[in-house]
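Model, not experiment: these values are computed from the prediction. Reminder, nothing fancy here: chain letters follow the sequence lines and each chain counts from 1.
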Number of protein chains: 2
Amino acid sequence: MAKKKVMREMDFSTEEKIKNAARVVFQKKGLAAARTRDIAEEAGVNLALLNYYFRSKEKLFEIIMYETLTNFAKGITGIFNDENTTLEEKIGLLVEKYLEMLTNDPNIPMFILSEIRNRPKDLLEKLPAKSVLSNSVAINQFGEMAAGGEFSEKDIPHLLMNLLGLTVFPFVGKPFIMALGGLDELEFNTLMQERKKMIPLWMKTMMSVK
Amino acid sequence: MAKKKVMREMDFSTEEKIKNAARVVFQKKGLAAARTRDIAEEAGVNLALLNYYFRSKEKLFEIIMYETLTNFAKGITGIFNDENTTLEEKIGLLVEKYLEMLTNDPNIPMFILSEIRNRPKDLLEKLPAKSVLSNSVAINQFGEMAAGGEFSEKDIPHLLMNLLGLTVFPFVGKPFIMALGGLDELEFNTLMQERKKMIPLWMKTMMSVK
DNA sequence: GTCTATATACGGATAGAC
DNA sequence: GTCTATCCGTATATAGAC
């Protein structure tokens, strides 16, 4: 059996420590509320090193945002462009993958969406998925089903919004939902696991409402 | 016919002008990114007057946030506690009301949720709806339907999340969705109008999946 | 109540020693 | 590469004249 390499914080280079800390702080607080001092403290390094490795807070932010967007989009495009799966299978895989990812990293959706609010044009240009999505295999499969009379062509944007909303919204509203429902972290995560089975089922019924 | 009183900006008191401007700026940019200078300019008043009428940016923010939360919750509690409507009717009324409100004021959900992210305990204490919701007529009606075997008791939190998500999520992700779908403002609003009929229908089908 | 001018605080960035 | 000390712009808040 191969010896597994366990990385401790100490094993990271200073540059990596800063990036990891920046990811945590930016994703939790957003660009405007994040302090470079928070990041330095989180990373356990001297404040001046942030400017040594990354010229400015803005540059550091852009790196984190770019990586976050790319990583987030990667999952969608991969699944949505597989020629060998049905639409139903794609939905199941997507929901499974994103619920898993977001359970581990629940701040990502709010991070992306709130920063887009503050700098729409700047960030939306960098959206890799834009034209990729509209030419995807999944969209074609939606179109075929509509042509087959399962639902109307006009419903496709709604169905996509619903898929995204049912999966992502609970994380965007996580503190709100936890407070309203009196849930602790574990109970919330259990609900999210349940949704792996439920969302594909709901999507299926919504796609048969003529 | 009675003469309708048309209020122009001039007709507002300085205090009202500041509050109206603060609402716009805070809801658009959030507390951290909003500048008092932006608010003063938006209101068309001298910067020093903000501190004259409201001791600080924080105080002004708290007033706006409190009003926004109260106003947002008011709609839910009213509809959810009506003894004389069925659950199905309540869902229809709620969706209709909120899609209308949010089409006119699309920044509210992101404003509330992103500020809750930054100051969870502080703001969530002020949530009026917390215990109100769990004792509401609507929740009892959900329970009755579950007892009648329409769906499982365990599904109720999911169904509430879905109702909220299907209605509110498109506004939280508005710039993202518009960019991804290549939609302009009018097309987006048209979709939201369509959802007034569709969400209640989808909810109905989700509440019959045994 | 409203203005101009200014004080004060905070946060990002840098100079320079080690 | 890393540290301490400090600079400097920006933003909030206030003093004081009108």
Side-chain angles (χ1 to χ4, degrees), chain A residues 7-68 111 114-115 117-119 122-123, chain B residues 7-68 111 114-115 117-119 122-123:
Chain A
M7 279 276 200
R8 291 182 308 279
E9 189 61 21
M10 237 188 65
D11 300 319
F12 288 93
S13 70
T14 299
E15 188 170 349
E16 286 170 325
K17 282 191 223 171
I18 293 171
K19 264 183 64 173
N20 290 336
R23 187 168 11 255
V24 171
V25 174
F26 280 138
Q27 287 184 357
K28 188 156 66 187
K29 310 223 258 183
L31 172 62
R35 310 288 129 198
T36 53
R37 286 169 168 81
D38 301 338
I39 296 172
E41 188 181 6
E42 172 80 24
V45 305
N46 188 284
L47 172 60
L49 293 175
L50 268 67
N51 290 308
Y52 177 78
Y53 284 100
F54 309 89
R55 274 183 47 79
S56 69
K57 177 187 171 182
E58 292 281 332
K59 298 271 185 203
L60 182 52
F61 172 79
E62 276 170 31
I63 290 169
I64 299 299
M65 176 53 79
Y66 179 78
E67 286 184 5
T68 305
F111 173 61
S114 68
E115 296 303 331
R117 168 182 71 160
N118 293 333
R119 335 168 48 177
D122 188 25
L123 285 179
Chain B
M7 279 274 203
R8 291 183 307 279
E9 189 62 21
M10 239 188 66
D11 299 319
F12 288 94
S13 70
T14 299
E15 189 170 348
E16 285 170 325
K17 282 190 223 169
I18 293 171
K19 264 181 64 173
N20 290 336
R23 190 173 3 260
V24 171
V25 175
F26 280 139
Q27 288 184 359
K28 187 158 65 187
K29 310 222 255 184
L31 172 62
R35 309 289 120 178
T36 53
R37 283 169 168 82
D38 301 338
I39 297 173
E41 188 181 6
E42 171 80 23
V45 305
N46 187 284
L47 172 60
L49 294 175
L50 269 66
N51 290 308
Y52 176 78
Y53 284 101
F54 309 89
R55 274 184 47 79
S56 69
K57 177 186 170 182
E58 292 280 331
K59 299 271 185 203
L60 181 54
F61 171 79
E62 278 171 29
I63 291 169
I64 299 300
M65 176 52 79
Y66 179 79
E67 286 184 5
T68 305
F111 173 60
S114 68
E115 296 303 330
R117 168 183 70 161
N118 292 334
R119 335 167 48 178
D122 188 26
L123 286 179

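- Asp38(B) has its CG atom 12 Å from the C1' atom of dT10(D), to the nearest Å.
- In this structure, Glu67(A) places its CD atom where more than 12 heavy-atom neighbours from other residues, nucleotides or ligands lie under 6.0 Å away.
- Residue Asn51(B) places no side-chain N or O under 4.0 Å from the OP1 or OP2 atom of dT12(D).
- A donor-acceptor pair is defined here as one N or O able to donate and one able to accept, closer than 3.5 Å; such a pair exists between the side chain of Arg35(A) and the backbone of Ala33(A).
- If you check distances only, the side chain of Arg37(A) does reach the base of dG12(C) with a donor-acceptor pair under 3.5 Å.
- Computed from coordinates, the Leu49(B) CG to dC3(C) P distance equals 5 Å when rounded to whole Å.
- Put simply, Thr36(B) has a side-chain N or O that comes within less than 4.0 Å of OP1 or OP2 on dT12(D).
- Side-chain atoms of Glu115(A) come within 3.5 Å of backbone atoms of Leu31(A) as a donor-acceptor pair (strictly under, hydrogens ignored).
- Atom NZ in Lys57(B) sits roughly 12 Å away from atom C1' in dC10(C) (whole-Å rounding).
- When the nucleotides dT12(D), dT4(C), dA13(C) are ranked by their closest atom to the side chain of Asn46(B), dT4(C) comes out on top.
- Lys28(A) has its side chain out of reach of Phe111(A): every pair of non-hydrogen atoms, C-beta onward, lies at least 4.5 Å apart.
- If you take CZ of Phe61(B) and P of dA11(D), they are 18 Å apart, rounded to a whole angstrom.
- In this structure a side-chain-to-backbone donor-acceptor pair under 3.5 Å is present from Asn20(B) to Glu16(B).
- Nearest to the side-chain atoms of Tyr52(B) among the listed nucleotides dT2(C), dA11(D), dT2(D) stands dT2(C).
- With rounding to whole Å, Leu50(B) atom CG is found 9 Å from dT12(D) atom P.
- If you check every strand for non-hydrogen atoms under 4.0 Å, Ala34(A) touches sugar and phosphate atoms only.
- Leu47(A) places its CG atom 12 Å from the P atom of dT14(C), with the value rounded to the nearest Å.
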N/O to N/O distances under 3.5 Å, protein versus nucleotides 15-18 of chain D:
none

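- The neighbour count for Lys19(B) NZ, taken as heavy atoms of other residues, nucleotides or ligands under 6.0 Å away, does not exceed 12.
- When the P atom of dT14(D) is taken as reference, atom NZ of Lys59(B) falls 11 Å away, rounded to whole Å.
- Straight-line distance from the CG atom of Leu60(B) to the C1' atom of dA13(D): 14 Å, rounded to whole Å.
- Within 6.0 Å of CZ on Arg55(A) lie no more than 12 heavy atoms contributed by other residues, nucleotides or ligands.
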